[in-house]
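Read the numbers this way: they start at 1 and go in the same order the structure lists the ligands and their atoms.
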Amino acid sequence: MKLTYLGQSAFHVHTKDTDLIFDPMISQNPLAAKINISTLESDYILLSHGHGDHVADAETLAKQSNSKIISNYEIVTWYEQKGIAGHPMNLGGKYHFEFGTVKYVHGVHSSMLPDGSYGGASGGFVVWNDEISFYFAGDTALTMDMKLIPMTCPALDFAILPIGDNFTMGYEDALIASEFIDCKKIIGCHYDTFGYIKIDHAAAISHFKQAGKELILLNIGNSIEL
Ligand code: NI
Ligand code: MN
């Protein structure tokens with residue numbers, strides 16, 4: 001599969017001939033100015049929760065590709081009222097899509113949609129198929145519930161964890177999270193976009209390295225094969 005970083009918590013994943021976009025906030029992110037959202041294809045848009053820094057471009061991207069939103073019931077219902085199709089889930093549930101299985105898992109965070117509507121609980125996703133298994137944590141604190149992931153899902157090849165602190169885990173807690181989920185390869189997100197979450201990249205990377213783990217900080221617009 002191919003993973004492309006689009007800034008903040010936004011990622012594009014290509015797996016099994018399917019394009020997935022996670023938590024798109026691109027056009028409002030000055031750090032992602034070189035990303036042209038009109039070229040971003042999606043079959044599904046996965047939204048961890050309703051905050052603007054995760055959903056800002058979801059409507060535009062869903063309409064331009066006629067894609068479906070996968071999120072919790074409250075968020076999917078809100079987008080359905082805008083004429084966008086979706087697949088509603090709730091915490092702890094999984095569903096077998098044609099591209100793989102998606103489990104919507106607990107995040108410890110708040111949620112509200114951009115117009116103030118109730119956004120339901122905040123979550124993350126574990127996605128797996130016969131080529132890959134990964135965890136996209138969304139916005140979350142470190143939580144013991146992460147220990148349920150290796151107990152209930154296939155072994156993870158990598159995980160995308162927030163590391164910017166202040167609104168979510170910082171990189172120190174993300175290292176503990178990587179132990180809880182039993183995963184050695186971590187891709188950082190939710191850092192540097194605003195002042196509150198600016199981090200020292202070298203310190204974060206070396207913190208993981210000292211524990212025998214890998215923290216990957218992708219440049220915005222760059223892709224890796226996993
Ligand atoms: Ni948030
Ligand atoms: Mn956020």
Side-chain angles (χ1 to χ4, degrees), residues 3-13 20-33 35 37 40 42 45-62 69-79 86 88-91 102 104-127 134-143 145-146 159-174 177-178 181 186-199 201 204 215-218 220:
L3 179 81
T4 305
Y5 187 40
L6 304 171
Q8 183 65 344
S9 295
F11 289 84
H12 178 272
V13 167
L20 310 176
I21 292 178
F22 291 80
D23 283 5
M25 190 276 285
I26 303 157
S27 61
Q28 294 175 17
N29 181 1
L31 302 180
I35 309 285
I37 67 165
L40 283 178
S42 56
I45 299 170
L46 291 86
L47 302 178
S48 64
H49 65 296
H51 287 155
D53 59 316
H54 299 258
V55 307
D57 292 312
E59 181 174 353
T60 304
L61 291 172
I69 290 185
I70 300 174
S71 188
N72 66 31
Y73 175 77
E74 290 80 5
I75 290 173
V76 166
T77 303
W78 191 76
Y79 279 101
M89 300 186 77
N90 215 325
L91 296 174
V102 175
Y104 188 57
V105 296
H106 191 210
V108 175
H109 192 68
S110 60
S111 183
M112 182 177 75
L113 285 152
D115 67 353
S117 297
Y118 175 58
S122 193
F125 300 97
V126 184
V127 178
F134 66 96
Y135 169 44
F136 175 87
D139 280 1
T140 184
L142 177 64
T143 169
D145 275 9
M146 290 169 176
I160 299 171
L161 301 180
I163 58 168
D165 227 323
N166 192 75
F167 295 116
T168 66
M169 299 189 281
Y171 63 79
E172 301 95 335
D173 284 3
S178 76
I181 61 175
I186 303 301
I187 292 164
C189 71
H190 214 273
Y191 61 93
D192 286 358
T193 314
F194 359 90
Y196 295 127
I197 61 173
K198 286 214 190 319
I199 65 159
H201 293 203
L215 176 67
I216 299 168
L217 302 183
L218 291 169
I220 296 172

Heteroatom N/O/S of His109 within less than 2.8 Å of the Ni ion (ligand 1):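 Coordinating: yes.
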Nearest non-hydrogen partners of Phe125 and Leu46, listed with the distance: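 Answer, listing the atom of Phe125 first, then Leu46: CE1-CB, 3.8 Å.
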Closest non-hydrogen atom pair between Pro114 and Val55, with its separation: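 Closest heavy-atom pair between Pro114 and Val55: CG-CG2, 3.7 Å.
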Residues His49 and Asp139: side-chain donor-acceptor under 3.5 angstrom: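 His49 vs Asp139: donor-acceptor pair found between side chains.
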Distance-only side-chain donor-acceptor flag, Gln8 / Asp53, under 3.5 Å: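 Their side chains do contain a donor-acceptor pair, which is all the 3.5 Å distance test asks for.
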[X] side chain to [Y] backbone, donor-acceptor under 3.5 Å:
X: Ser71; Y: Val76; answer: no
X: Asn29; Y: Thr193; answer: no
X: Ser111; Y: Gly50; answer: yes

N/O/S atom name from [X] that is nearest to the position of the Ni ion (ligand 1):
X: His49; answer: NE2
X: His51; answer: ND1
X: Asp139; answer: OD2

Check against ring-ring contact (aromatic ring centres under 6.0 Å, His included), Tyr5 and Phe11: CA-CA 5 Å; Tyr5 187 40; Phe11 289 84; 4.8 Å; yes
Heteroatom count (protein N, O or S) under 2.8 Å of the Mn ion (ligand 2):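 Number of qualifying protein atoms: 4.
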